Structures are given as C-alpha cells and as structure tokens.
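What you see below is based on every heavy atom in this structure, not just the backbone, and it leaves out hydrogens, waters and symmetry mates. Just so it is clear, the structure is predicted and the values come from calculations on it, not from any experiment.
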Amino acid sequence: MKRKIRQAFSRIRRPFVLLFLPTVLILTALIVRENWPGLPQGVNRKSWLTAGDFSIVAYTDRQGNRYLDLCLTQDGKQRVLVNRVYAYQLEKDTLYVKGVSGAAAAHWQDGTCRLYTGKHYSRYAKAWSGISLVHDLRLFPLAEYNKLVSLTPQYQAFPSTSCVASFGSGRFRIEEVTGADGFRRLQLVDAQARELDIGYTVRLLRDVESFLILDGVLYARSKEGYARLQLEGEQYLMCYHDYGSKIYFSTHSDIQVERDLSSLSPSQQEILENLPAAGRS
C-alpha cells in the first residue's frame, strides 16, 4: 500500500514541479532585478538630456507612472545613480540632480560625480568608476550644496493617485477619505512616508479644515495644527497643538516639527492663522 502511494505521489510530483518551476524562476529573477545595484527599471526608457557619460532618462513603471532617472553609461552599460529625479539643472560643466533616492553633482566633462544616497535607498549607493559617495548632503562642497538645496521639485516622483490636490513632485497631497462614521474628511499625506512605511500613519494632518497653495508653498490648517510646505529649498514645517501627538504622524527626517509658529515670519503666521476653520462635509 505504501509503495503504491509513493508511486502515485512520484507521478504527481514530476508534472507539478515542471509546472511551477518556471514560475518560481521568473519571480526570483524579477526580485533580483529590482534589487540589483544600479540596474535600470521600467520600460520605454528614453534619454531627455545627455551630458558626457551622464543622462536624464525617462521611463514608465509597471503601474504606468512616468519617472526620471540619473544614469551613468560605462562600457555600454547604463547604471542608475539617482532614482526618480524630481529636479535637475545643467550648469557649465556640472549637472545637478535631486531625486527620491538622493542627490548628485555630476561633472560630465571629466566623468566624475559626487553622489549622496538616502539610507532607505542603499541599492543606489554604489561607487562605480568615477563616482565618489557622500554620506551627508552637507558634505558636498559649499557651492554644490547650495545649488542642490536650491533645486525646486518639479517632476513627478511618486505614484499618481486620485486626490484633491497634489503638490510639487507628488510627495505631498490632500486626499479625501470617508471615516467609519460616514463623514468625508480631508487629510494631508506624505507619499514618501507611505512608501517607506514610516510612522504610525502616513498622515501629516487629518481632518484638514482648509488649505492654500500660494507661490510654491502649501499652507494647511487642521484640528491638530498647521503645515507650511515650501518647495523652494524643500523647507517643510509642521506645527502640532499637542506636540506629543507628532509621534502618531509621519515625520520623515526632512520635516521640521515645531511646538508653535514662532519660527515663521509674521506674514507666514498670518496666512496660516487666517485659513478658515471648516466643518465636516
């Protein structure tokens, strides 16, 4: 009886393995591809700008989002230095780039580049030939640092989703949600924190009562406090009435959290304080 069972199992196992082995191999290859250092992602890759061995390349991901990468081409191979670029500028012999994964100052005439990669995107921190890794943006030479800081987010760098308002690269957005009580509410969301799963929630503010986008700055008011998110220089400030509550919200490392509005100018405080309080809709 046992012998018959083993023979039957052997007959079943072989086609089962033959059927699922290709699937396992394909999934393994996809996982390796997505985590291989510097390997270009997406389809329909097309160069927008080329400077020496460096180029800004547009591509489409599997969800249909269109992004930009900073790439280095050596020996016929293209490697990604900065993923999902949201700002870049070419000046004389240097291409300045900022993106979701980090920042770079590429000296295209001599083929060298200083590269900073955020701690959450270590797969792009590879010292390819001519690449010098910088572990803090502030360690760039002062002139390069000032230029990188001044770059203003302008290209899409986060998934395009339905929302009331999207700001800059799409990282910050006002979304409408329906609560368990059936009421519709607005919330201010940090898409990067959502992607990295930082904080207890991805919200910066819930129950947003009103917001205003003015001269490249997003102002928002809610029951928890205020937000002033400035694209130029990427100056992001949150102020919570209950300072302790900040731990329940997304506070990515580049977001400044304050107890009050005293660090803002009188005119900036006035804009926030004059935002109307709104009831539920």
- Query: If you round to the nearest 0.5 Å, how far is CD of Glu175 from OG of Ser162?
  - Reply: 8.5 Å
- Atom pair CG (Asp53) and CH2 (Trp108), whose distance is rounded to the nearest 0.5 Å: 11.0 Å
- Would you mind reporting whether Tyr116 and Leu148 have side-chain heavy atoms less than 4.5 Å apart? no
- Note on the structure: Separation between CD1 (Ile271) and OG (Ser265), nearest 0.5 Å, reads 7.5 Å
- Query: Taking NZ, NE, NH1 and NH2 as the nitrogens, is one of them in Glu234 or Arg171 under 4.0 Å from a carboxylate oxygen of the other?
  - Reply: no
- Message: Are Leu81 and Tyr67 linked, directly or through intermediate hydrophobic residues, by side-chain heavy-atom contacts shorter than 4.5 Å (ILVMFWY only)?
- Response: no
- Heavy-atom closest contact (Pro159 atom, Gln156 atom, distance): C-NE2, 4.1 Å
- Message: For Ala103 versus Lys98, what's the shortest heavy-atom pair and its separation?
- Response: CB-CG, 4.1 Å
- Message: Between Glu258 and Arg228, does any NZ, NE, NH1 or NH2 come within less than 4.0 Å of an OD or OE carboxylate oxygen?
- Response: no
- Taking side chain as C-beta onward, heavy atoms only, is Val97 less than 4.5 Å from Ile56? yes
- Residues passing the salt bridge (Lys or Arg N to Asp or Glu O under 4.0 Å) test with Glu273, sequence neighbours excluded, are none
- Task: Under the ring pair (Phe, Tyr, Trp, His ring centres under 6.0 Å) rule, collect the residues that match up with Phe172, sequence neighbours excluded.
- Result: Tyr236
- Message: Could you see if Leu68 belongs to whatever hydrophobic cluster contains Val43? Use Ile, Leu, Val, Met, Phe, Trp, Tyr and a side-chain cutoff under 4.5 Å.
- Response: no
- Residue pair Ile131, Lys126: steps toward the side chain to side chain contact (heavy atoms under 4.5 Å, CB included) verdict: CA-CA 8 Å; Ile131 306 300; Lys126 181 72 173 178; over 6 Å; no
- In Å, rounded to the nearest 0.5 Å, how long is the span from CG of Asp190 to CD of Glu195? 10.0 Å
- Query: Are any non-hydrogen side-chain atoms of Leu205 and Tyr240 less than 4.5 angstrom apart?
  - Reply: yes
- Task: Following the transitive rule for hydrophobic clusters with a side-chain heavy-atom cut-off under 4.5 Å over Ile, Leu, Val, Met, Phe, Trp and Tyr, establish whether Leu70 and Val134 coincide in one cluster.
- Result: no
- Task: For side chain to side chain contact (heavy atoms under 4.5 Å, CB included), just list the numbers for Val82 and Tyr88, CA-CA rounded to whole Å, side-chain angles, deciding distance to a tenth of an Å, and then say yes or no.
- Result: CA-CA 11 Å; Val82 180; Tyr88 68 88; over 6 Å; no
- Item | Check: Leu275 and Glu209 side chains under 4.5 Å, non-hydrogen atoms | no
- Please report the C-alpha distance between Leu218 and Leu188 in whole Å, then the side-chain angles of each, then the deciding distance to 0.1 Å, and finally whether the side chain to side chain contact (heavy atoms under 4.5 Å, CB included) criterion is met. CA-CA 10 Å; Leu218 171 63; Leu188 175 60; 3.9 Å; yes
- Counting only heavy atoms not in Gln74, do more than 12 sit closer than 6.0 Å to its CD atom? yes
- Message: With a 4.5 Å cut-off on side-chain heavy atoms, are Val217 and Gln268 touching?
- Response: no
- Does the side chain of Thr60 pick up a donor-acceptor pair with the side chain of Arg66 at under 3.5 Å? yes
- Message: Both conditions, 6.0 Å and 45 degrees, for the charged tip of Arg84 above the ring of Phe158: are they met here?
- Response: yes
- Message: Looking at Cys71, is its backbone amide N or carbonyl O close enough to the side chain of Asp69 to form a donor-acceptor pair, meaning the two atoms are under 3.5 Å apart?
- Response: no
- Non-hydrogen atoms of Gly170 and Ala191 that approach each other most closely: O-CB, 3.9 Å
- Is there side-chain contact between Gln78 and Ser55, with heavy atoms separated by less than 4.5 Å? yes
- Before accepting this row, confirm whether a basic side-chain N of the pair Arg206/Glu224 lies closer than 4.0 Å to the acidic partner's carboxylate O. yes
- Query: Is Phe167 reachable from Leu212 through a run of I, L, V, M, F, W or Y residues, each pair having side-chain heavy atoms under 4.5 Å apart?
  - Reply: no
- Cluster link Leu229 to Ile174, ILVMFWY, side chain under 4.5 Å: yes
- Query: Just wondering, do Ser263 and Leu237 contact through their side chains at under 4.5 Å, heavy atoms?
  - Reply: yes
- Rounded distance (nearest 0.5 Å) linking atom OG of Ser222 with atom CE of Met238: 7.0 Å
- Output the distance between atom OG (Ser210) and atom CG (Asn274), rounded to the nearest 0.5 Å. 10.0 Å
- Query: Short question: side chain of Asn65, backbone of Asp61 - any donor-acceptor pair under 3.5 Å?
  - Reply: no
- Does CG belonging to Asp136 count more than 12 external heavy atoms closer than 6.0 Å? yes
- Query: Does the side chain of Phe211 come within less than 4.5 Å of Leu186's, by heavy atoms?
  - Reply: yes
- Check step by step if ring pair (Phe, Tyr, Trp, His ring centres under 6.0 Å) holds for His107 and Phe54. CA-CA 9 Å; His107 303 279; Phe54 303 96; 8.8 Å; no
- Backbone N or O of Lys77 within a donor-acceptor pair of the Asp75 side chain at under 3.5 Å? no
- Task: Please report the C-alpha distance between Tyr121 and Asn83 in whole Å, then the side-chain angles of each, then the deciding distance to 0.1 Å, and finally whether the side chain to side chain contact (heavy atoms under 4.5 Å, CB included) criterion is met.
- Result: CA-CA 9 Å; Tyr121 303 92; Asn83 179 236; 5.6 Å; no
- Do Thr152 and Gln154 have side-chain atoms, one donor and one acceptor, less than 3.5 Å apart? no
